[in-house]
Amino acid sequence: MLKLVSDSKQQSAHLTVEQVSWSCPEKRVLEQISFEVEQGEFVGLLGPNGVGKSTLLRCLYRYLKPDSGKVLLNGTPVWSLTQRQFAQQVAVVTQHCPTGFSMTVRQFMATGLLAHQRFWQRSSKLLDQQQVDEMLQRVALLPKAEQRFESLSGGEQQRVLIARAMLQKPQLMVLDEPTNHLDIRYQIETLQLVKSLGITVIASIHDLNLAAAFCDRLALLEQGKLVAMGDVDDVLTSSQLKRVYGVETIIDRHPLQDTPRVTYQFAPATQEVTQSNAIG
Ligand SMILES: Nc1ncnc2c1ncn2[C@@H]1O[C@H](COP(=O)(O)OP(=O)(O)OP(=O)(O)O)[C@@H](O)[C@H]1O
């Protein structure tokens with residue numbers, strides 16, 4: 001089990017996205033996206049493949065500079081922060097694991113401590129190792145501490161990346177499909193763990209039921225545009241999911257908690273559905 005003992009609650013960030021657009025030579029990928037994420041809120045970013053979720057997250061964590069618009073962290077444009085200031089406030093877990101280095105899990109985890117350390121103020125190695133090991137324990141990977149990071153399974157690597165991000169003690173976590181590669185138990189436990197931190201989180205999530213269960217609000221993208229942003233109940237509606245994903249759903253309540261539950265229709269589309277697609 002991932003340990004769910006929360007740190008004393010960390011400070012959390014307020015994120016503002018103002019009219020962000022980004023294009024590649026072939027097309028406009030993001031069109032005038034605006035929204036805010038309040039301190040301590042967990043916002044899920046939804047939308048079909050290729051609508052611009054990763055691109056939007058890349059603009060938030062400064063991998064891409066928007067063609068126009070602004071991203072503000074606690075009111076300050078992210079591009080005006082130094083790399084160090086940014087790293088002290090924002091942790092990022094992307095879909096693609098870093099490769100090409102042969103650090104052990106413990107060594108790789110320790111890099112998560114660097115954002116808050118200056119070389120003349122290095123804390124003791126013992127203290128560093130205690131923090132690293134405690135975090136590895138929380139993601140149930142302490143027994144693999146001396147294994148090379150690259151030799152871990154995809155799911156184990158993902159858990160290390162999330163643990164390393166937590167070690168960074170960020171105010172904002174940006175997660176691009178954090179549950180990718182994880183089996184259902186670790187999908188649930190990872191989202192529980194991230195939520196228990198109480199910090200601001202924005203995460204792209206494909207599983208609508210997990211998004212419904214863990215997110216405070218949802219943002220729905222369609223072809224580079226933000227088409228819905230709001231409470232889970234308002235965003236996850238059958239008509240909206242049909243329009244954006246082209247899938248028939250039944251939405252009722254989760255039997256154990258008061259969140260929407262999405263059931264998909266797996267049978268081939270009926271004639272009526274096919275006709276309405278053709279019209280719509
Ligand atoms: N640097 C780039 N050059 C060309 N096309 C790009 C570039 N970056 C993104 N795109 C295109 O922009 C679109 C959005 O990509 P993005 O990765 O943001 O989608 P996504 O919503 O995260 O998709 P998925 O759910 O499949 O991960 C895609 O069509 C992609 O090919």
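Heavy-atom basis, side chains included; hydrogens, waters and symmetry copies ignored. Please read all numbers here as calculations on a predicted model, not as lab measurements.
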OH (Y264) with more than 12 external heavy atoms under 6.0 Å: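 More than 12 within 6.0 Å, yes.
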Q83 atom CD, over 12 foreign heavy atoms within 6.0 Å: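 Atom CD in Q83 is not packed in, count stays at 12 or less.
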Heavy-atom closest contact (F86 atom, L60 atom, distance):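 Closest approach of F86 to L60, heavy atoms only: CZ-O, 3.7 Å.
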Check: [X]/[Y] side-chain N/O donor and acceptor closer than 3.5 Å:
| X | Y | result |
| --- | --- | --- |
| N74 | Q39 | no |
| R253 | T259 | no |
| Q157 | H181 | no |
| D176 | T94 | no |

Any heavy-atom pair between the side chains of [Y] and [X] that's under 4.5 Å?
| X | Y | result |
| --- | --- | --- |
| I33 | L56 | yes |
| I251 | L241 | yes |
| Y186 | V139 | no |

Transitive ILVMFWY side-chain link V227 to V235, under 4.5 Å: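 Yes, V227 connects to V235 through the hydrophobic network.
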Nearest-0.5 Å distance that lies between atom CG in L167 and atom CZ in F108: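 That separation rounds to 10.5 Å.
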Euclidean distance, M173 CE relative to T200 OG1, rounded to 0.5 Å: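 The CE atom of M173 is 11.0 Å from OG1 of T200, to the nearest 0.5 Å.
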Chi angles and distances behind the salt bridge (charged side-chain N to carboxylate O under 4.0 Å, His left out) call for R217, E38: CA-CA 10 Å; R217 285 193 304 147; E38 303 297 331; 5.2 Å; no
Steps toward side-chain contact (heavy atoms from CB on, under 4.5 Å) verdict (L46, Y245): CA-CA 10 Å; L46 308 181; Y245 289 92; 3.7 Å; yes
NZ or CZ of R62 within 45° of W79 ring axis and under 6.0 Å: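 Yes, a cation-pi geometry holds between R62 and W79.
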Partners meeting side chain to side chain contact (heavy atoms under 4.5 Å, CB included) with Q223 (sequence neighbours left out):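 Listed in chain order: nothing, the list is empty.
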